[in-house]
Amino acid sequence: MALERLQTLRGMVDLLPRQTMVWQQVEEQARHHFHRAGVREIRTPLLEATALFARGIGEATDVVCKEMYSFQDRGQRSCTLRPEGTASVVRAAIQHGLLNQGHQRLWYMGPMFRYERPQAGRQRQFHQLGLELLGVAEERSDVDAMAMAWDLLGDLGIQGLQLQLNTLGTPEDRRCYREQLVGWLEQRVQQLDPDSRQRLATNPLRILDSKNNTTQDLLREAPQLLTTLGKESRERFEGVCQLLQALDIPFVITPQLVRGLDYYTHTAFEITSDQLGAQATVCGGGRYDGLAAILGGPPTAGMGWAMGIERLVLLLGSQKDATPPQVVLLNRGESAQVRALVLARQLRQAKLHVELDLSGATFARQFRRADRLGGRLAVIIGEQEAQAGVVKLKWLHHPPQSGSDLDMGEEWTLPAAEVSKTVERLLAD
Ligand code: ATP
Ligand code: MG
């Protein structure tokens, strides 16, 4: 009877070695950027109480209504695989009293889970890299955060970037605007798509974010939040724009940008790339001054963003191959294989990058493979060498310029006890 082949669940993706190399590049760059900016890493659990997201993201959002992986655990608690990072980070900051210790500059990276329709750049398990600045309400921190995202994307070499900026004002501004917008839309309900019609009652601002073209056309005429903002919010927004100009970061004001999550206030932004097709947004973020209080903590200003790592990787494409090994250890014969195993360990302990051939194939084949790997120096142990307590060395690629003990094409036989030191010296030349 044929067994059913087990495969990944829909929307869940394996990362194979060729891809993990690009991921590591992204991760390394991000670490450097955050380190230089005094941002420290936080790691929170993947699984949280469902209430955290229901409260922290908002019951009426798509994420909470339609996209969460929620289940009852064995103790009948409702748990959810985190769909995003901000609520968890703020929960952790409250739980551990970080908010009483001055302002916090935190970053995170890891898998998020959303039950969405999978397509290029959209998965059910995906990864985010995120920044959260807690405890500073000033415009400068909005711009500091956006500049970090902009510069990281630039340093990664991502092309065709655009920073789209908007403001959501204060909750009071939004209440006024919501009434205006709902009034205006109610007179045009017939022209709205079904999804937006539903949102009219639950989350009308999200209609601005609709992907439906007819709705988008209609909205061009709708009242805009930017023109109904209170004086303070307007001045704040102008301040943010001026600071971005001072940093020479280009941006486009995008009134329909409202972001999917409910707790945003003032600055909202997205960074898109024109190379991504439909899933154009690589980074989204904004200010969320109301969140800490919603989660039962002290009222605390917050500003942050999250980038989708899959989308970054799509943009970077598959990149160069693995770095070639410094040493390839060729070996054949019973006692030679044991010696080779021991020697490989020794050389690795000396911090060398060593590939141990485990194939048991002929030396001719092992040499061909070593060549393919791009290895630099071959260490060869056959039965004869093993019996005599010696090994042979031979350059495969890139011999030193000149004056080395070993020229290209030559073989050098030396006592096994001296290999480690000699190899280190040859490679250091
Ligand atoms: P979108 O409009 O693309 O659904 P969003 O507003 O739901 O994005 P955020 O919650 O702001 O996205 O998440 C920040 C970033 O995380 C997005 O800009 C995107 O790069 C990435 N992202 C979000 N959802 C997914 C997903 N399902 N698969 C891959 N990346 C995602
Ligand atoms: Mg989404």
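In each ligand, atom 1 is the first atom listed, and ligand 1 is the first ligand listed. Keep in mind that this is a model prediction, so the values were computed, not measured.
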*Asks:* Can you see which heavy atom on Arg55 is nearest to which on Ile294, and at what distance?
*Replies:*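 Arg55 and Ile294 have their closest heavy atoms at NH1-O, 3.1 Å.
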*Asks:* Which atoms form the tightest heavy-atom contact between Met68 and Thr80, and what is the distance?
*Replies:*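 Minimum heavy-atom separation between Met68 and Thr80: SD-CG2, 3.6 Å.
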*Asks:* Check Val63 against ligand 1 and report side chain, backbone, both or neither, counting heavy atoms closer than 4.0 Å.
*Replies:*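 It is neither part, as no heavy atom is under 4.0 Å.
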*Asks:* Within ligand 1, which atoms have a heavy atom of Ala306 less than 4.0 Å away?
*Replies:*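 Ligand 1 atoms under the 4.0 Å threshold to Ala306: 14 (C), 15 (C).
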*Asks:* Test your reading of the structure: does Thr281 have an N or O sitting under 3.5 Å from an N or O of ligand 1?
*Replies:*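 Right, the criterion is met.
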*Asks:* Closest approach of Leu168 and Leu257, non-hydrogen atoms and distance?
*Replies:*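 It is CD2-O, 4.0 Å.
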*Asks:* Which pair of non-hydrogen atoms, one from Tyr264 and one from Gly285, has the smallest distance, and what is that distance?
*Replies:*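 Closest approach of Tyr264 to Gly285: CE2-C, 3.7 Å.
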*Asks:* For ligand 1, is Glu84 a contact, meaning one of its heavy atoms is under 4.0 Å away?
*Replies:*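 It does not; every heavy atom stays at 4.0 Å or beyond.
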*Asks:* Looking only at heavy atoms, what is the nearest atom pair of Asn331 and Leu356, with distance?
*Replies:*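 For Asn331 versus Leu356, the nearest heavy atoms are ND2-CD1, 3.7 Å.
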*Asks:* Check each atom of ligand 1 against the heavy atoms of Gly308 and keep those under 4.0 Å away; list them by number with element.
*Replies:*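 Atoms satisfying the 4.0 Å criterion: 15 (C), 16 (O), 20 (O), 21 (C).
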*Asks:* Are any of the N/O atoms on Glu116, whether in the backbone or the side chain, positioned under 3.5 angstrom from an N/O atom of ligand 1?
*Replies:*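 In this structure, Glu116 places an N or O atom under 3.5 Å from an N or O of ligand 1.
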*Asks:* Quick check with a 6.0 Å cut-off and a 45 degree axis cone: is Arg105 positioned over the face of Trp107's six-membered ring?
*Replies:*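 No, a cation-pi geometry is absent between Arg105 and Trp107.
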*Asks:* With heavy atoms under 4.0 Å as the rule, classify the contact between Gln128 and ligand 1 as side chain, backbone, both or neither.
*Replies:*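 Just the side chain.
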